[in-house]
Amino acid sequence: MGVRGLVPFCPWNWCLLLATLQCCGASSESNRSTDSSAQSELNVRFAAASSQPAEAISVFTLDYDYVQIPYEVTLWILLASLAKIGFHLNRRLPRLMPESCLLILVGALVGAVIFGTDHKSPPVMDSSIYFLYLLPPIVLESGYFMPTRPFFENLGSILWWAGLGALLNAFGIGLSLHLVCQVPAFGLGDVNLLQNLLFGSLMSAVDPVAVLAVFEEARVNEQLHMMIFGEALLNDGISVVLYNILIAFTKMHKFEGIEPVDILAGCARFIIVGCGGVFFGVIFGFISAFITRFTQNISAIEPLIVFMFSYVSYLVAETLYLSGILAITACAVTMKKYVEENVSQTSYTTIKYFMKMLSSVSETLIFIFMGVSTIGKNHEWNWAFICFTLVFCQIWRAISVFVLFYVSNQFRTFPFSVKDQCVIFYSGVRGAGSFSLAFLLPLSLFPRKKLFVTATLVVIYFTVFIQGITVGPLVRYLDVRKTNKKESINEELHARLMDHLKAGVEDVCGQWSHYQVRDKFKKFDHKYLRKILIRKNLPKSSLVSLYKKLEMKQAIEMVESGVLSSTNYSTPYQGCPRTKETKRLSPEDVESMRDILTRNMYQVRQRTLSYNKYNLQPQTSEKQAKEILIRRRNTFRESMKKGHSLPWGKPAGTKNIRYLSFPYSSPLPAGRDMKVAEFTDHDGSDSELPPITFSTHSPKESIQERRWAPEVIPMRSLHRAATPPHFGYRRNASREEHLGRGGRAILRPKPLFHAVDEEFESEEESEEEAPAFGSLLSSELRPGGDCNLSHSPLLQRK
Amino acid sequence: MPHDPPHSSPLWSSFKATPTAWGRSPSWGLPRLGPGCLTPLLSRHPLPRRAWILSPDEKVSQASLRRLYDRFQALDRTGKGYLSRLDLQQIGALAVNPLGDRIIDSFFPDGSLRLDFPGFVRVLAHFRPVDEEEEGNRDPKEPEPLNSRMNKLRFAFQLYDLDRDGKISRHEMLQALRLMVGVQVTEEQLESIADRTVQEADEDGDGAVSFLEFAKSLEKMNIEQKMSIRILK
C-alpha cells in the first residue's frame, strides 16, 4: 500500500537514498583511511589513498565525519517528509492507514540501507537524547492542541481511565507474563518479576492519537474523541513515571532485597512525582502567560517565550526528579488560554506550526531509530514470550476498557456505549513511546534486553499495521447511521436541521458543567487571573484584518461562485425542470441528491476540532462559519431593505421599521454590474415559480429577490439604485469608514464578549473568531445612532 | 408556539396541587420554590413575582432553573429584565449557525419583541431529555409535556413553516435548504432537491408537507435523543 503512495516520488527517493548510501560508503571508507593515517592532523583526506604527505594543503578535501550526524539526520527527515508528500498526494491512502505506518516503513528502509551498507556508526538514540530532546516536543504538542474545555468536562472519566487504565495494563501484562516465565519449557526462567513489570509498564504506553486521523471521517462523538485524546495525553506521563520508578527498584534490587516499605515509598513517589510535575507546569504556565502580556512591542519573541518556558518547566521538573512530561503538559494547558489572547495573530500561527513541526521531527526520528534497530542482528526471538506478550496486551486492554468503563458509566449522564468501548479497545496502538522506553533499557540490568526490544517491536508493528489499518473500517461498520444507508432525503435534511437546532439551543443555554468547581474557577479566573495575565485594551488586530478580508474578498468570491454556479449548466439537474412529467426521478438521481446534501450541508459546530497528529489542516468549520456569516449579513441587509425584520418575512416589528429609511446602495465595479443585470434579466423569464406568501411584494419579484438574496444583493442593489459610478473614491472612503467602525467595535467588545461568550475564550481559533464576528455583526445591527453608518465596504453609502 | 404563556392569574397555587410536577425529586421541595426564593442568589435583579409563574409542564429542575436564570441575566447585558433579539444575536456561536436567525425567531413567538424568563424556559423545555419513568407515570388526561416527541417535532417543524399555515410548502423547503447547504450547490440542484423532498413526504398530493406528513417521514428517527440537551435534565 505504502509503495503506491511512494511511486510518484520514487526517483527522488532513490536519488536521496543513493546519496545517503554513498555518504555512508564514503564515511566507512574515510574511517578506514583515518585509521591508516591516524597521525595526520587533518582528519580525512580525499587523496589519502595516493599517500601524499599530510602537510600539503589539498585542493579538495572531504570531511564527512565532521558533518556526519546532522547530515544523516537531516537526510532522514527529508526522506520522511518526501514520503509524507507522496503519501498525501494519494487521496485514498491517508484514510486507509495511519501515517505512523508510513513513518515506520521509511524507518525500516533507512534501517535496511544502513544494514546493507554496513554503516559503522549511525546516529543512535540514547537515554539523554530521548528524554531531553525528543520527548518534550511530542508531549508539548499534544498538550497544547488538546481542546481544553471538553477535557476538563470529562476530566473525571479521563483520569479514571487513563490513570487506572495504564496501571492496570502495566501490572496486568507484567504479572501475567511473569506467570508465563515460570513455565520451564519456554526458557524464560531468568526473567524476574521486576523485569516483567517494567516490560508491562513500557507496553502500557499506548499512542491512540495516531489512529484518530483514520476515523476522523466517521465523526466519532466528542466524548469518545476526548477519551482517546486524554488517554494519549496522560498515558505517556504515567508509564514513564512507572518506568522510572521500576528502574530505580531494579537498580536497588541488584544489591539488596526490596522491602514492603520500599514499595510504599514507591507508591508515594508515584503520586508526588505526578502532582509535583503538574504543580511546576502550572506555575510556569502562569509565568509565561504573564510575560506575554508585555510583548506587544516585540512580538517576534512571543513564540520563543512559549517554547522556552515549556522547556524550562520540563527541565526544572526533571531536575527535581518530578515528571517532566506532566509538567510540560500542564504548562501548555495552563498558558494556552492566556497566551493565545495575548500574542499577535502571526505569533499564534507560528507557535502552532512550529509546535507541530518539532513534534513531527521528533517522532520521525524515533521511528527511524526504530527501523534501524528493527533491521539488524540484535534480536532475540522467543516464540512464547512474544506471542504471549501480544495476546496479553490485547486481553488486558480489553479487560481494563470494559471494567473501567463499566464503573465510570455508573456516574455519567451519558454513558459510553459498548460500541464506543470497542473503539477505545481497538485504538490501543503502541507507538514511539513504547519503543523508546524498551530501547533505552540499561543492558547492565537487563541481560535479556534484546528479547524485550524484539517483543516490543512485534507488538508495535502488529498494532500499527493491523489494527491501524482495520480500525477505520471497524468504526465505519459500527457506526449505525452510516450503515443503514436507507435514509430518505427528508430524514437526511431534517436530521441535520435538528442537529443545528440543538447546537443553537445549546449555545443559547450556554454550557455549564456538572461541577461546581469549574464554575468557581471560572469566577476566580474572571475576577483575578484574567486581569493579571491578559493585556489590557487588547486590540484584536487579527479581528479587524480578518473581518476586512472576509468582507472584501470572500463576499466577492461568494458572489462570483453564486453567479458562476447559476450559469453553469453542466450540473446533473439542469435537465430536470420542475414540470409534472419529470416527477419520477430514478433511484440514482435520488441517491446523488442525497449525496449532494450529505456532502454540502453545513456541519454542526463541534467543540473538539478535528485533530491530526501530523498535520495542521485548515478547519472546515472556519470556512463554513465565514460563509454563513456572509450569507446572513447579506440576507439581513436584503431584509432591511425590504422592511422585513427577518429574511423570511415575519411581520415587521416596530424596531425594524426604523431601518426602512436607510439609504441603501453599493458601489461596485461596473463590469460586475453588467453581469448581474444580464442575469436578472435572464432570470425574469423564469416565472413559473409557485406563488409565495410575502404580502409586500408580488410573488414573482420576491422570488427573484429570494433567489438572489444570499449572493447577489450588493450588485442588485447597485443595479436598482443606479448610483453614478464613483467607484475609486467611494471605495476608499468606505474602507476608511469601515476601519473606523472596526475600531469602535474593538473598543466595545470587551465587556460584550465577556458577559456571554466566556465559554468561547481561547477555545479554538474559529470559535474565538465567532463571538467576535457575532458582536461585530450585532454591533452593526444595533439600533440607534451608528446604525445608519456604513455596513460594509461593499454596501456602503453615505 | 403550541403553549401560550399562562398569563392568567395565580398559577402559583396550581403548582401546590401538583408538587411533583416541579422537579424530578420532590425533596427539592415546594417551599424553596416559592416566588422570590432565589432572590438571595440572584443579586443583580430580584426576580419579579411573576417571573416564577411557569406552567406545570416545564418541570425543569430547580438547579437547572437557577442556572438558566444566571444565563438569562448574562445574556441580558443591559439589565432590562427581558431579552431582545439583539441579545440572542450576540451569541457568537449562534451567529455562525446556519439556522441562527430561525432559532432566535423561535424564541420570540408571534412576533413579540421581548422574551421574559418564563418564555425562555418554556422554549428550552422542549429540549429536556425524555424521562421514561416520568413518562410511564403520566396521567393520560394531562396535556403532553413540552418535551414529548410530538412537541419536539412540532418545534422543528415550525422552523420550516415560516408563514405558520401548518404546511411546509416547496418554497419554504427551498429556503431552508438554501440556509443549510453550502454555496457549492447550484440553485437548480437545490430546487430539484426541494422538489424531491416535498414529493417524498407529500402523501395527499397537495404539494406541501403537513405536520403529520412531516412526523411520518421521521417516524424511524430517534427524535427523543436528537432533540434533547442533557444539561436541561
- A/Met498 side, atom CE; B/Leu99 side, atom CG - distance, nearest 0.5 Å: 11.5 Å
- Note on the structure: Bottom line for B/Phe214: the part with an atom under 4.5 Å from chain A's heavy atoms is side chain
- Note on the structure: In this structure, NE2 of A/His494 is separated from CD1 of B/Ile168 (nearest 0.5 Å) by 5.5 Å
- Task: Output the distance between atom CG (A/Leu497) and atom OH (B/Tyr160), rounded to the nearest 0.5 Å.
- Result: 4.0 Å
- Checking B/Leu174 against chain A: side chain, backbone, both or neither under 4.5 Å from a heavy atom? neither
- Correct closest heavy-atom pair for B/Met173 and A/Leu493 would be SD-CD2, 3.6 Å
- So which part of B/Phe120 gets closer than 4.5 Å to some heavy atom of chain A, the side chain, the backbone, both or neither? side chain
- Got more than 12 heavy atoms from elsewhere within 6.0 Å of NZ, B/Lys167? no
- Query: With a 4.5 angstrom heavy-atom cut-off, which part of B/Leu83 approaches chain A: side chain, backbone, both or neither?
  - Reply: neither
